[in-house]
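What you see below is based on every heavy atom in this structure, not just the backbone, and it leaves out hydrogens, waters and symmetry mates.
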Amino acid sequence: MAIHLTKESKILVQGMTGGEGMKHTRRMLAAGTNVVGGVNPRKAGRTVDFHDRPVPVFGSVAEGMDATGADVTVVFVPPAFTKAAVTEAADASIGLAVVITEGVPVHDSVAFLDRARKRGTRVIGPNCPGLISPGQSGAGIIPADITKPGRIGLVSKSGTLTYQLMYELRDIGFSTCVGIGGDPVVGTTHIDCLTAFQDDPETDLIVLIGEIGGDAEERAAAYIRDHVTKPVVGYIAGFTAPEGRTMGHAGAIVSGSSGTARAKQQALEAAGVRVGRTPTETARHVLAVLDSGA
């Protein structure tokens, strides 16, 4: 089993005919993902050949859904057009929209996320690597060849750290890895994924990766304390970050003691989460928990 994405998922790619869309559609197809169409109103009716796999291009998400039964869209469009693309997907009531684009204005994100909630569309991102259920399907840019199917669930703000923990724990494997993105406003949160992994009978342990800035990890810690019975191992990026400086992601800014790695570590540890100070130490914590049967 997996969360949000399975081998049954049928995927559209908004912006498939652009450079990034073409590259990552090719990678998704090579990994076995069921990409059923692209969306570009200026190229509707064409077909793009990916080696032996012809993929049709539709004029809208609704048209693609009607023709293929698609239930997921991956968005590879420039920031200026992301709001329109996600709004279109939400208005078509697609089940899941994975927004890879970075640099989306926050007010645009707020608007399309509100629209998506009202229409019942789950959004992952923006500014995220997407998600992958190894051996089943991948939607986004997460490499498919660095791990294998297993029983660890991973939720992360950071794309790079998602890949690193997947690789560190490649001999154990993952049920699903979700990169939720590091912007100040995102569609799917740590808590959303914790809830889904808690309910997934084939996820035995959860890895949570956070970073400095905001209070998402503190809120996740409170949720873990009250609702999660499975073991959770955490990692917070930014223990050495200077105060008051944005570090990489738009949401990673620290003000005083609020949002520091140390504060997040303390909140998670108070909820029973083992927290590593490096990705390698975090992987060792995972192995220790699995070995102990905790």
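- Under the ring-ring contact (aromatic ring centres under 6.0 Å, His included) criterion, F76 pairs with H24, sequence neighbours left out.
- For the atom pair CD1 (I152) and OG1 (T147), the distance works out to 7.5 Å, reported to the nearest 0.5 Å.
- Here R117 pairs with nothing under the salt bridge (Lys or Arg N to Asp or Glu O under 4.0 Å) rule; sequence neighbours left out.
- Contacts of K23 classified as side-chain hydrogen bond (donor to acceptor under 3.5 Å, both in side chains), with partners at least two apart in sequence or in another chain: E20.
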After noting the C-alpha distance and the side-chain angles of V233 and T282, does the key distance pass the side chain to side chain contact (heavy atoms under 4.5 Å, CB included) rule? CA-CA 7 Å; V233 174; T282 305; 3.7 Å; yes
Residue pair I11, L5: steps toward the side chain to side chain contact (heavy atoms under 4.5 Å, CB included) verdict: CA-CA 10 Å; I11 296 177; L5 190 74; 4.2 Å; yes
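- Closest approach of G140 and I100 over heavy atoms only: CA-CD1, 3.7 Å.
- F197 has its side chain within reach of S175: a pair of non-hydrogen atoms, C-beta onward, lies under 4.5 Å apart.
- Between the side chain of E88 and the backbone N or O of V61 there is at least one donor-acceptor pair closer than 3.5 Å.
- At least one side-chain heavy atom of Y223 sits less than 4.5 Å from a side-chain heavy atom of T195.
- Remark: the backbone N or O of T6 is not paired with any side-chain donor or acceptor of S133 at under 3.5 angstrom.
- Under the 4.5 Å side-chain contact rule for hydrophobic residues, L131 and I206 share a cluster.
- Taken to the nearest 0.5 Å, the CD1 atom of I146 stands 8.0 Å off from the SG atom of C177.
- Nearest heavy atom pair, residue Q136 against residue A2, reads NE2-CB, 3.8 Å.
- Closest of all the heavy-atom pairs between V57 and M16 is CG2-CE, 3.9 Å.
- Both V72 and V178 are assigned to one and the same hydrophobic cluster, defined by single-linkage of ILVMFWY side chains at heavy-atom distances under 4.5 Å.
- Both I132 and V207 belong to a single network of hydrophobic side chains, linked directly or stepwise wherever heavy atoms of I, L, V, M, F, W or Y lie under 4.5 Å apart.
- Within a 6.0 Å sphere centred on CZ of F81, other residues, nucleotides and ligands contribute 12 heavy atoms or fewer.
- V232 is not listed as a side-chain neighbour of L268, based on a closest heavy-atom distance of 4.5 Å or more.
- Proximity of L96 to I124: side-chain heavy atoms (C-beta onward) are separated by under 4.5 Å at one or more points.
- Of all heavy-atom pairs between A216 and K264, the closest is N-NZ, 4.3 Å.
- Hydrophobic cluster membership is shared by L154 and I236, with clusters built from Ile, Leu, Val, Met, Phe, Trp and Tyr side chains linked at under 4.5 angstrom.
- Residue pairs satisfying the side-chain hydrogen bond (donor to acceptor under 3.5 Å, both in side chains) criterion with at least one member in residues 61-85, sequence neighbours excluded, are listed as follows: Q14-T73.
- Under the 4.5 Å side-chain criterion, counting only non-hydrogen atoms from C-beta, V273 is not in contact with L208.
- Residues meeting the salt bridge (Lys or Arg N to Asp or Glu O under 4.0 Å) test with R46, sequence neighbours left out: none.
- The stretch residues 129-152 participates, sequence neighbours left out, in these salt bridge (Lys or Arg N to Asp or Glu O under 4.0 Å) pairs: R151-D204.
- Looking at every heavy atom in both residues, L12 comes nearest to A70 through CG-CB, 3.5 Å.
- M166 and I3 fall within a single hydrophobic cluster, where Ile, Leu, Val, Met, Phe, Trp and Tyr are joined by side-chain heavy atoms under 4.5 Å apart, directly or via other members.
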Show which side-chain atoms of residues 27-45 pair as donor or acceptor with protein atoms under 3.5 Å away, not counting sequence neighbours.
unit_1: T33; atom_1: OG1; unit_2: M28; atom_2: O; d: 3.3
unit_1: T33; atom_1: OG1; unit_2: G138; atom_2: N; d: 3.0
unit_1: T33; atom_1: OG1; unit_2: G138; atom_2: O; d: 3.1
unit_1: N34; atom_1: OD1; unit_2: R53; atom_2: NH2; d: 3.4
unit_1: N40; atom_1: OD1; unit_2: R42; atom_2: N; d: 2.9
unit_1: N40; atom_1: ND2; unit_2: T17; atom_2: OG1; d: 2.9

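- Side chains of F58 and M65 form no contact here, defined as non-hydrogen atoms less than 4.5 Å apart.
- Side-chain contact between H4 and T176 is absent, with no heavy atoms from C-beta onward closer than 4.5 Å.
- In this structure Y163 satisfies the ring-ring contact (aromatic ring centres under 6.0 Å, His included) test with no other residue, sequence neighbours excluded.
- Taking NE2 from H285 and CZ from R277, the interatomic distance works out to 10.5 Å, rounded to the nearest 0.5 Å.
- Here salt bridge (Lys or Arg N to Asp or Glu O under 4.0 Å) pairs that include residues 90-109, with residues two or more places apart or in two chains, are D91-R115, D91-R119.
- A 4.5 Å side-chain heavy-atom check between L290 and I172 finds at least one atom pair inside the cut-off.
- Considering every non-hydrogen atom in both C128 and I180, the closest pair reads CB-C, 3.8 Å.
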Evaluate side chain to side chain contact (heavy atoms under 4.5 Å, CB included) for T229 paired with Q198, printing each intermediate quantity in order. CA-CA 7 Å; T229 60; Q198 172 68 21; 2.7 Å; yes
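- With sequence neighbours left out, R26 forms a salt bridge (Lys or Arg N to Asp or Glu O under 4.0 Å) with no residue at all.
- Rounded to the nearest 0.5 angstrom, T162 OG1 and F174 CZ are separated by 9.5 Å.
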Just distance, no hydrogens or angles: give the donor-acceptor pairs under 3.5 Å from side chains in residues 184-194, sequence neighbours left out.
unit_1: T188; atom_1: OG1; unit_2: R122; atom_2: NH1; d: 3.1
unit_1: T188; atom_1: OG1; unit_2: V123; atom_2: O; d: 2.7
unit_1: T189; atom_1: OG1; unit_2: I191; atom_2: N; d: 3.3
unit_1: T189; atom_1: OG1; unit_2: D192; atom_2: N; d: 3.1
unit_1: T189; atom_1: OG1; unit_2: D192; atom_2: OD2; d: 3.2
unit_1: H190; atom_1: NE2; unit_2: I209; atom_2: O; d: 3.1
unit_1: D192; atom_1: OD2; unit_2: T189; atom_2: N; d: 3.0

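- Looking only at distances, no side-chain donor or acceptor of T25 sits under 3.5 Å from a matching main-chain atom of M22.
- Under the rule for a side-chain hydrogen bond (donor to acceptor under 3.5 Å, both in side chains), S109 has no partner lying at least two apart in sequence or in another chain.
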